[in-house]
Asker: 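Before we start, here is the structure in question, set down as structure tokens.
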Amino acid sequence: MKIACVGAGPAGLYFAISMKLRDPSHDIIVFERNAPGVTFGWGVVFSDQTVENLQANDPKSARIIADEFAHWDDIDVHFGGETITSSGHGFIGIGRKRLLEILQDRTRELGVNIEFNAECDPADAKWREYDLVIASDGINSRFRDAYADAFGVDIDVRANKFVWLGTSKVFDAFTFAFEKTEHGWIWAHAYRFAPDCSTFIVECSEETWRNFGFDRMEQAEAIAACEKLFAKYLDGHSLMSNAAHLRGSAAWLNFRRIKCERWSTGNVILLGDAAHTAHFSVGSGTKLALEDAIKLADVLNRPGLSLEAAMDEYVAERNLEVLKLQNSARNSTEWFETLERYTHFEPLQFAYSLLTRSQRISHENLRLRDREWLEGVERWFWKRATEGRSNKTAPPMFAPFKLREMIVENRVTVSPMAMYSAVDGTPNDFHFVHYGERAIGGAGLVFTEMTCVSPEGRISPGCTGMWNADHVVAWKRIVDFVHANSKAKICLQLGHSGAKGSTRVGWEEDNAPLPDGNWPVMAASDVAWSPVNQVPMPMTRTDMDAVRDQFVAAVRMGIEAGFDMVELHAAHGYLLSGFLTPLQNKRTDEYGGSLENRIRYPLEVFAAMRDAWPADKPMSVRISATDWAGEQGITPDDAVEIAEAFAHGGADLIDVSAGQTWTGAQPVYGRMFQTPFSDKLRNEARLATMAVGNIYEPDHANSILAAGRADLVALARPHLIDPFWTLRAAAQLDYRDVHVPPQYLNGMSQLARNLKREAEAAAALRV
């Protein structure tokens with residue numbers, strides 16, 4: 001094939017190498033608009049896996065690259081006057097300029113011509129002479145921009161400002177240095193990539209950048225200011241720029257996250273940063289480019305594979321890797337963009353939060369990297385959790401948590417889950433077994449399903465209730481069993497269905513009206529849940545008084561039944577959630593319009609419940625932290641205000657869920673996908689939260705808790721299939737100081753032994 005590679009960066013050069021290795025007859029030329037030796041950026045970082053991929057693809061260049069790598073294991077986090085060092089991270093770096101020299105030499109050796117100072121106008125007719133044009137012209141790709149519609153380009157310009165600098169100071173560890181100044185927080189990412197040189201990236205919010213006056217400084221002045229700011233880390237060494245051609249503040253950038261729906265059009269194929277970018281804080285742009293090049297060369301040289309089929313396979317495999325990395329990069333980017341959310345943390349927790357920010361590194365992964373350091377984090381967590389009474393080395397998920405005078409044995413919660421199995425609101429033997437089994441399964445806190453405060457407030461005929469004496473008796477039987485046979489506390493979640501009422505049970509058809517016997521529904525406004533659901537009656541003041549009093553009556557019945565805690569359900573589009581979201585609340589009185597008005601009635605209900613509930617017992621509120629509707633609905637910023645209002649009214653915990661408030665929601669799913677909302681509420685409003693949403697591994701729970709993203713973790717589906725999830729986690733983590741019903745002690749011992757043997761065998765295989 002006759003191929004033009006536009007751009008002599010790592011992507012284009014390595015693609016040319018990979019193609020020639022597979023078939024020397026390919027006629028390839030690389031066009032580079034810059035002069036020889038002109039490059040931007042300083043060091044690039046690799047993973048061990050990338051090195052293995054390079055070795056398998058081209059041992060000769062891989063050997064030269066590997067021989068010149070700078071290696072380091074430590075990460076130093078300078079924050080709050082302390083230096084926190086974590087080891088075992090195994091970074092590898094090399095100078096970008098040196099990497100390009102190696103790849104250029106190898107490219108020429110294989111018979112590829114490199115044309116420097118070449119004008120690469122996408123409109124030039126010469127590109128039609130080539131079978132393929134590989135657009136490897138980087139983040140500012142002219143080819144991508146010229147055919148933006150064809151590629152389906154999506155560019156997200158991130159908030160922070162940053163500048164790439166270098167220094168002759170050699171950093172022995174990957175270094176993060178955070179400085180609080182009169183103008184705001186500013187920080188550096190620094191790492192060695194050569195025996196005499198390090199990358200030094202300075203980053204801050206745009207507000208801080210402007211406060212410093214960087215937007216008005218020439219480069220030399222800005223570099224001098226950065227040298228002064230970070231003098232104690234530079235030890236007298238200067239900072240340098242290799243972007244001297246840029247005037248004024250132009251050297252400062254906003255990172256652009258680039259995605260493309262399609263990676264080819266006509267004879268043009270995007271490669272590397274031209275097709276996708278990942279934030280520099282996860283250091284994987286060059287990795288993606290090189291691995292893209294290997295895969296593209298593979299499929300283009302496979303006998304019998306058409307170009308269309310080759311591109312389908314290339315995009316399917318590489319796009320998955322890109323999405324995974326971009327998701328991690330998004331998490332990392334947002335951590336730095338919301339830095340002040342975490343600056344009240346103690347230095348050790350701040351460092352843990354930084355290390356786990358992308359979710360690529362987890363609690364147990366840190367244990368493998370640096371056991372001693374992680375055990376120090378665990379001791380710190382337990383000391384905080386017990387007010388100094390214990391500094392045991394144990395997983396955070398098993399640490400106690402205090403809400404008012406109630407002490408929860410551990411941080412694992414059985415999430416509220418509708419069972420749709422009651423008769424006339426009365427829980428029965430199914431519920432007795434369901435809640436009892438999950439309590440003795442080791443969780444610290446068990447929530448009831450949404451228990452409705454009136455017959456007409458039910459979601460379905462199968463929903464549990466708390467509106468008459470029979471309900472109190474049935475619930476008391478369950479509560480008494482939980483208290484007598486476990487260490488778990490049990491919370492009564494109370495709610496009213498609103499517009500989502502009078503529907504079939506969940507496993508028949510979700511939110512579908514009953515085929516017959518429907519009861520009328522009420523809501524904040526006459527907005528039907530969907531076109532097939534009833535149009536609710538807008539609540540009058542009389543209705544509001546009656547429903548408020550029903551919640552209060554249910555709370556008093558909860559006291560009779562012996563519950564330890566009560567939660568108000570104000571999420572998921574049910575009655576009180578319907579008041580909160582502007583998607584359902586269309587009122588024009590004092591309960592509609594602004595958020596201050598929309599929250600008025602839910603706060604009124606909560607205040608009445610709080611007055612009826614004992615002062616020494618805790619209460620929580622479940623909210624939807626987003627409607628997944630952009631600015632048209634509840635936003636995470638709104639959720640902070642909502643949470644603060646409930647906390648001011650006496651809520652001890654915010655149960656942070658999301659969505660289910662309208663039928664057009666488009667949630668972004670993934671593991672722990674709702675935890676960022678808990679993180680935001682907890683650390684911006686400074687209140688206790690419970691994280692929910694696709695949390696299913698002990699590692700998830702421990703990472704969330706140690707990083708300060710929540711105070712409790714709630715698991716729903718894992719507890720549906722395994723009521724003993726917490727005890728199984730304790731066995732897996734070899735944690736023995738957990739309550740096990742005496743009847744089950746032998747089983748727990750055997751499980752712990754078996755899992756320990758399995759772990760030891762797996763470790764032996766890795767060695």
Asker: Both conditions, 6.0 Å and 45 degrees, for the charged tip of K20 above the ring of F15: are they met here?
Answerer: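 No, a cation-pi geometry is absent between K20 and F15.
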Asker: Parallel, tilted or perpendicular for F255 and F162, by the 30°/60° rule?
Answerer: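 The arrangement is tilted - the two ring planes meet at 30° to 60°.
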Asker: Can you confirm whether or not the ring centre of F178 sits under 6.0 Å from the ring centre of H78?
Answerer: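 So the answer is no for these two rings.
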Asker: Could you check V112, L99, T107 and say which one makes a side chain to side chain contact (heavy atoms under 4.5 Å, CB included) with L13?
Answerer: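 It is T107; the other options fail the test.
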Asker: Kindly indicate whether a cation-pi arrangement holds for K2 with Y130, taking the cut-offs as under 6.0 Å to the six-membered ring centre and within 45° of the axis.
Answerer: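 Cation-pi check for K2 and Y130: passes.
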Asker: Hey, are the side chains of M311 and V299 touching, using non-hydrogen atoms and a 4.5 Å cut-off?
Answerer: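 No, their side chains stay 4.5 Å or more apart.
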Asker: Quick check, are the ring centers of F230 and F200 under 6.0 angstrom apart?
Answerer: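 Yes.
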Asker: Please report whether the ring centroid of F212 lies less than 6.0 Å from that of W252.
Answerer: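 No; F212 has its ring centre 6.0 Å or more from that of W252.
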Asker: Are F79 and W187, when compared by the centres of their aromatic rings, separated by less than 6.0 Å?
Answerer: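 Centroid separation for F79 and W187: 6.0 Å or greater.
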Asker: Under the salt bridge (charged side-chain N to carboxylate O under 4.0 Å, His left out) test, which residues partner D172, sequence neighbours left out?
Answerer: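 Here no residue qualifies.
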Asker: Angle between ring planes, W72 versus Y191, binned at 30° and 60°: parallel, tilted or perpendicular?
Answerer: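 If you compare the ring of W72 with that of Y191, the planes turn out parallel.
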Asker: Parallel, tilted or perpendicular: which describes the rings of F176 and F174, with under 30° parallel and over 60° perpendicular?
Answerer: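 Rings of F176 and F174: tilted, 30 to 60°.
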Asker: Once you measure the plane-to-plane angle for H189 and F336, does it fall in the parallel (<30°), tilted (30-60°) or perpendicular (>60°) bin?
Answerer: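 Taking F336 first and then H189, their aromatic rings sit tilted (interplane angle of 30° to 60°).
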Asker: Can you find a pair of side-chain heavy atoms, one from V163 and one from I201, that are under 4.5 Å apart?
Answerer: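 The answer is no; the side chains never approach within 4.5 Å.
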Asker: Where does the angle between the aromatic ring planes of Y147 and F143 fall among parallel (under 30°), tilted (30 to 60°) and perpendicular (over 60°)?
Answerer: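 Geometry flag for F143 against Y147: tilted rings.
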Asker: Should the pair H363 and Y352 be assigned to parallel (<30°), tilted (30 to 60°) or perpendicular (>60°) ring geometry?
Answerer: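 Correct class here is tilted.
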Asker: Under 30°, 30 to 60°, or over 60°: which ring-plane class applies to Y342 and W335, parallel, tilted or perpendicular?
Answerer: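 Plane angle under 30°, so parallel.
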